[in-house]
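First the structure, in the form of structure tokens, and then the observations on it.
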Amino acid sequence: MSFPLLTATAALPAIGAIATAAVPAARRTAAKWLALAVSLATLVLAGIVFARFEPGGERYQLTESHAWIKDFGVRYELGVDGIGVALLALTALLIPFVILAGWHDADPLETNSSRWRPTQGFFALILMVEAMVILSFVATDVFLFYILFEAMLIPMYFLIGGFGDRAHTGSDENAAAQRSYAAVKFLLYNLAGGLIMLAAVIGLYVVAGSFSLSEIAEARANGSLDMATSTERWLFLGFFFAFAVKAPLWPLHTWLPNAMGEATTPVAVLITAVVDKVGTFAMLRFCLQLFPEASKWATPVILVLALISIIYGALLAVGQRDIKRLIAYASISHFGFIVLGIFAMTSQGQSGATLYMVNHGISTAALMLVAGFLITRRGSRLIADYGGVQKVAPLLAGTFLIGGLATLSLPGLAPFVSEFLVLVGAFSAYPVVGIIATVGIVLAALYVLVLYQRTMTGPVREGIGDMPDLKVRELAVALPLIAVLIFLGVFPKPLTEVVNPAVQHTMHDVQKQDPQPEVEAAK
């Protein structure tokens, strides 16, 4: 039997989480270095997975399959396609930067404390989330995916509720109450979606007799599985609802601004750049593959919801006074573009949506982490408390600007390629939808440039004059992310050649072809 590379890639951070949590309380620094080393080793394994993946080969590669719960037909079944391998690489890439950025975020306020281990717990929980997210991107058994989909809520709940943002403007009691509210809201929303999905998972097993994606696909191909139209639509809605909550798609998005606002900055990045991608990824892997006819049936409504997310999220970002909540609402707008690309049902749209997931993760991480460095220095999340930062901290202002320009999809930076493909794919199939979606681009330029102008330019406000510039550790976080944004902006081929074959498989699943341009005959 070949080496179980996918299992090893997910198991390493899980084992690292246990080891980090077990580090003695007084050795907080050792726990940090251990977590960072584990995340870097996981990145190496993810790089090997990416390198071994053959874009023109089988749909699912590096497969593993073992009996798990025989009585219920549940298997430990793994396999990675082009979409999954891109998101696996994104997750492994971002976690080391999340750990570096949060180096001091979980240190106990009492420096002489030797009984409690919040630092160890913080980094252990991050590694555990990484393990579950990686495994969810490679799980090809529906029940296994569901277990991971729900289990990752537990460490995320403790990361949000137990390690809040220390730049909260209210009292300690008020901060704790808001942090608890955000954590509970996050948990309840996602649990509600998960419970509805569980009913759909059980229904799928009753109809198909299997949880295996490969077995269900084979049964569909040979005609032995023929779902009734109403059954397929109900099952689709059960899956899609859970994924729309996780994504987050309007009107199921309201937990995200609270969670990102009250969490530490690295955890906010973990939420929107890593965990939320599971929702949009699952729409491609499970909704379109398992329920192709229902996916086409629901497309008009989903496109409307995506457009509302794009415009609504961008408008609320324009009006925000809190830096982190502004980035949260911007992410809601960006997830609208991702869902739009998926359900445009064109190869350009779905390739763009997959690239958008990767590029949004990198650009949001760059912007949010640099914003976190800014907030830590001033001790406030309010935009009005800043001004003239570029005069005293030019490196901070410069990296913040590049992160913002990536967020508004400036040509030459990675998100431009993905947003362009989404809009081309949407316009070729639904011209009116594509035109309306472009309004989100205009609004993105507005909220990003206004944010930069109010925080970085103008006279130096009180409390800003002695603000230090980025330090070595912070530059080690910001500069590599910016380098990746520029590299993928001018040379996206390493991702597109991996993603495109997987997108063609998905297009075949839903039996859709790209619209052919209408060309008038020469007279």
Side-chain angles (χ1 to χ4, degrees), residues 53 55-56 59-60 80-90 137 140 213 217 236 239-240 243-244 246-247 249 276-307 309-310 334-361 409 414-431 433-434 437 440 488 492-517:
F53 184 83
R59 180 172 190 175
Y60 294 109
V80 65
D81 65 352
I83 299 170
V85 78
L87 293 173
L88 184 153
L90 169 70
F137 288 143
T140 56
L213 279 177
F236 167 85
F239 277 79
F240 181 80
F243 303 152
K246 182 87 76 179
L249 184 68
D276 286 356
K277 299 300 187 298
V278 176
T280 46
F281 161 79
M283 291 178 188
L284 277 166
R285 170 163 286 186
F286 296 101
C287 287
L288 270 60
Q289 186 173 344
L290 293 174
F291 316 110
E293 293 303 321
S295 297
K296 290 184 284 188
W297 162 75
T299 288
V301 174
I302 295 173
L303 291 180
V304 171
L305 296 179
L307 285 177
S309 290
I310 292 170
H334 293 148
F335 276 104
F337 276 107
I338 295 171
V339 175
L340 175 64
I342 292 172
F343 284 90
M345 302 288 186
T346 60
S347 59
Q348 299 99 327
Q350 292 188 359
S351 294
T354 305
L355 292 178
Y356 214 128
M357 288 186 244
V358 176
N359 295 333
H360 170 264
S409 300
F416 170 76
V417 179
S418 45
E419 191 163 274
F420 178 77
L421 285 173
V422 166
L423 291 174
V424 167
F427 185 83
S428 64
Y430 305 95
V433 172
L488 292 179
K493 183 180 178 181
L495 279 181
T496 56
E497 66 180 7
V498 168
V499 166
N500 287 341
V503 166
Q504 293 303 322
H505 284 297
T506 305
M507 292 287 291
H508 180 266
D509 290 335
V510 293
Q511 298 180 350
K512 294 283 286 186
Q513 294 181 348
D514 291 330
Q516 297 299 316

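The chain is numbered in sequence order, starting from 1.
- For the residue pair Val85 and Gly82, the shortest heavy atom distance occurs at CG1-O, 3.3 Å.
- Annotation: side chain of Val417 is not in contact with side chain of Leu488 (no heavy-atom distance under 4.5 Å).
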Next item on the list: Before giving the answer on side-chain contact (heavy atoms from CB on, under 4.5 Å), spell out for Leu423 and Phe337 the whole-Å C-alpha distance, their side-chain angles and the decisive distance to 0.1 Å.
Entry: CA-CA 8 Å; Leu423 291 174; Phe337 276 107; 3.9 Å; yes

Check: Taking it one step at a time, do Leu249 and Phe240 satisfy side-chain contact (heavy atoms from CB on, under 4.5 Å)?
Finding: CA-CA 10 Å; Leu249 184 68; Phe240 181 80; 3.8 Å; yes

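- Residue pairs meeting the side-chain hydrogen bond (donor to acceptor under 3.5 Å, both in side chains) criterion with at least one partner in residues 343-354, sequence neighbours excluded, are Ser347-Asp514, Ser351-Asn500.
- Here the closest heavy-atom approach between residue Gly434 and residue Ala426 is recorded as CA-CB, 4.3 Å.
- Arg285 places a side-chain N or O within 3.5 Å of a backbone atom of Phe137 that can act as its donor or acceptor partner.
- Listed here is the closest heavy atom pair of Ala429 and Ala344: CB-O, 3.8 Å.
- For the residue pair Leu90 and Val358, the shortest heavy atom distance occurs at CD1-O, 3.6 Å.
- Every residue two or more places apart in sequence or in another chain was checked for a side-chain hydrogen bond (donor to acceptor under 3.5 Å, both in side chains) with Lys246, and none qualifies.
- In the displayed structure, Phe427 atom CZ is contacted under 6.0 Å by at most 12 heavy atoms of other residues, nucleotides or ligands.
- If you take NE2 on His505 and NE2 on His508, they are separated by 9.5 Å, rounding to the nearest 0.5 Å.
- Legend: residues meeting side-chain hydrogen bond (donor to acceptor under 3.5 Å, both in side chains) with Ser409, ordered by chain and number and at least two apart, are Glu419.
- Taking every heavy atom of both residues into account, Ile310 and Gly336 meet most closely at CG1-C, 3.6 Å.
- Taken to the nearest 0.5 Å, the OG atom of Ser309 stands 10.5 Å off from the CG atom of Leu340.
- Of all heavy-atom pairs between Ile83 and Thr506, the closest is CD1-OG1, 4.4 Å.
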Notebook entry, point to check: Under the side-chain contact (heavy atoms from CB on, under 4.5 Å) criterion, do Leu87 and Met357 qualify, and how do the steps go?
Noted result: CA-CA 8 Å; Leu87 293 173; Met357 288 186 244; 3.7 Å; yes

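- Relative ring orientation between His334 and Tyr356 is described as tilted, the plane-to-plane angle lying within the 30° to 60° band.
- For Ser418, the side-chain hydrogen bond (donor to acceptor under 3.5 Å, both in side chains) partners two or more places apart in sequence, or in a different chain, are Asn359.
- With sequence neighbours excluded, no residue forms a salt bridge (charged side-chain N to carboxylate O under 4.0 Å, His left out) with Asp276.
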Determine all donor-acceptor pairs shorter than 3.5 Å in which one atom belongs to a side chain in residues 286-293; sequence neighbours excluded.
residue	atom	partner	partner atom	Å
Gln289	OE1	Arg59	NH2	3.4
Gln289	OE1	Tyr60	OH	3.0
Glu293	OE2	Lys296	NZ	3.3

